[in-house]
Amino acid sequence: MLRATDVSQSFGGERVFDDLSVEVDAGEVLGVIGPSGVGKTTLLRTLALSLEPDAGTVALGGTEAWTAEESERLALRRRVGMVFQEASLFDASVGRNVEYGLRVRSPWSDRIAAALGLAETPDAVRESLDVVGLTDKADQHADSLSGGEAQRVSFARALAYDPDVLLLDEPTSDLDPRNTAVIEEAIGEARSRGIGVVVATHDMHQAERVADRVAVLLDDGITEVGPTEAIFEDPDDERTRKFISGELVY
Amino acid sequence: MSLAAIPELAPALLDLPFREGYVRSIVFVSLYVSVTAVALSTLFSVPVAVAIGFADFPGKGFVKSVVNTGMGFPSVVVGLIVLFAVSNQGPLGSLDLVFTREAMIMSQFVLATPPITAITLAAVSGVDEGVRDAARALGGTRLDAALVVLKEARYGIATAILAGFGRAVSEVGSVLIVGGNITSADGISKTRTLTTAIQLEARQGQYETAMILGAVLVALVLTVNAVVVHFGDSGVTR
């Protein structure tokens, strides 16, 4: 469904990665594991069509994004959801935050009506908050939430508009076990809805718990991609084996 | 002072040394000129500040410095430049704007624009970049992201507008130069504002009148501030 082929990225002349290929299918969870600083966030931003790669292609449903017209690329981008490491909620109520992705896809007349409080809250808002167990917080201001709750709202915000692909960048790195469990359950719910999920994490146990396949991203690119069990039990690549066993320390 | 003294003072307070409609016309001219200038300046400054805040270009720091420097630009110099522009020899001479409210609006627009732009730019730049990223990641266009940033920065923008209004409404030098501090024969203000009236009354030794006009000016600024703060607070949960 979402496929990056031979993509390269660099910032200010500094290479982040070269010739990297990765794909995720509908209803599949792909874990991207690797130490901090190897380019997991950059890879996710590339997949989210936020960053144009220096080389290579990114295609969603067979449509190449960076050769498409801008309007078509916007349409593609709107089929992808992304959750960042920081929740970065808007200065508004929880419901308004979750509603945002739906509103930007609405005609301006509907958006103005919503801004004036004249529109009904879409059902998808309540349904998404239900997935992360925060239905009762819909009317609270985002500032009143704990860090874990804020991240759950951030997840619901990306889930509300029913994307084809959901990209999660270290979604639980700052969370306690309870909130982590809620997010991991929500990942399972997204998968059951047929959404392709990419989870970038340095928590290998989490990747083992939630991912169907795992890509190992080290400082020289993706060393190995395969079924989660095979990667953790019997990796083909020596560097992958060392990273998973903890011998390769960054 | 006992309460019994109030009836004795009341006639003195009511018997103000003003011609009928004098103060009202001065307040009207002050508000008309300042509010129009600040509204026009806001329409110009906020998009410019957002554009500068969002864009990365060589010399961005220099542009910010120029905007900040504009906040300290002497108002009498602005008045002189505007007077030259609207005079018969100036580029806008054919519009016959010398000693008119329109010329005063031009002058106050020039004065209000740097603080509104600079403070809005600081407010926009202070919004967490993650918020802008989130707006884009959730399917927003650049315009959507800009609107989110404007909403996040709304208190800063309100402060910017208040600063611009404060500079415009309290301005003396430039409005005196371009407006001429004129009243009609019946004493109704044509281009006289609260500040220029205060200056005139004080110079003529009418301190009581000057003090009352000063109190009206302060009350006006406080009211505008209160209204802006009220609307800012009421929009928090939206």
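Every chain is numbered from 1, with letters handed out A, B, ... down the list of sequences.
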| request: Please check if the side chain of R77(A) supplies one atom and the backbone of L138(B) the other of a donor-acceptor pair under 3.5 Å. | output: no

| task | With a 4.5 angstrom heavy-atom cut-off, could you sort out which part of E70(A) is near chain B: side chain, backbone, both or neither? | result | side chain

| Should the pair D91(A)-R154(B) be classified as a salt bridge under the 4.0 Å nitrogen-to-oxygen rule? | yes

| Under a 4.5 Å cut-off applied to non-hydrogen side-chain atoms, are D128(B) and S88(A) in contact? | yes

| query | Checking V131(B) against chain A: side chain, backbone, both or neither under 4.5 Å from a heavy atom? | reply | both

| note | Here the pair of heavy atoms bringing A145(B) nearest to Y100(A) is N-OH, 4.4 Å

| query | Around atom CZ of R142(B), are there more than 12 heavy atoms of other residues, nucleotides or ligands at under 6.0 Å? | reply | no

| query | Is it true that atom CZ of R105(A) has more than 12 heavy atoms of other residues, nucleotides or ligands lying nearer than 6.0 Å? | reply | yes

| With side chains defined as the heavy atoms from C-beta onward, is the minimum distance between E86(A) and D133(B) less than 4.5 Å? | no

| field | Interface moiety of R111(A) toward chain B, non-hydrogen atoms closer than 4.5 Å | value | side chain

| Neighbour count >12 (heavy atoms, 6.0 Å) for atom CD, E129(B) | no

| message | Tell me if the CZ atom of F62(B) is crowded by more than 12 foreign heavy atoms within 6.0 Å. | response | no

| Region of R103(A) that comes under 4.5 Å of a non-hydrogen atom in chain B | neither

| message | If you define the side chain from C-beta out and look only at heavy atoms, does anything of E152(B) sit under 4.5 Å from F90(A)? | response | yes

| field | Heavy-atom contact with chain B under 4.5 Å, split by part of L89(A) | value | backbone

| query | How long is the gap from CE on M82(A) to CZ on R136(B), to the nearest 0.5 Å? | reply | 13.5 Å

| request: Below 4.5 Å from any heavy atom of chain B, which atoms of V83(A) appear? Answer side chain, backbone, both or neither. | output: neither

| query | Is the count of non-hydrogen atoms from other residues, nucleotides or ligands lying under 6.0 Å from D143(A) atom CG greater than 12? | reply | yes

| query | Given side chains that start at C-beta, do those of R78(A) and T141(B) come closer than 4.5 Å, heavy atoms only? | reply | yes

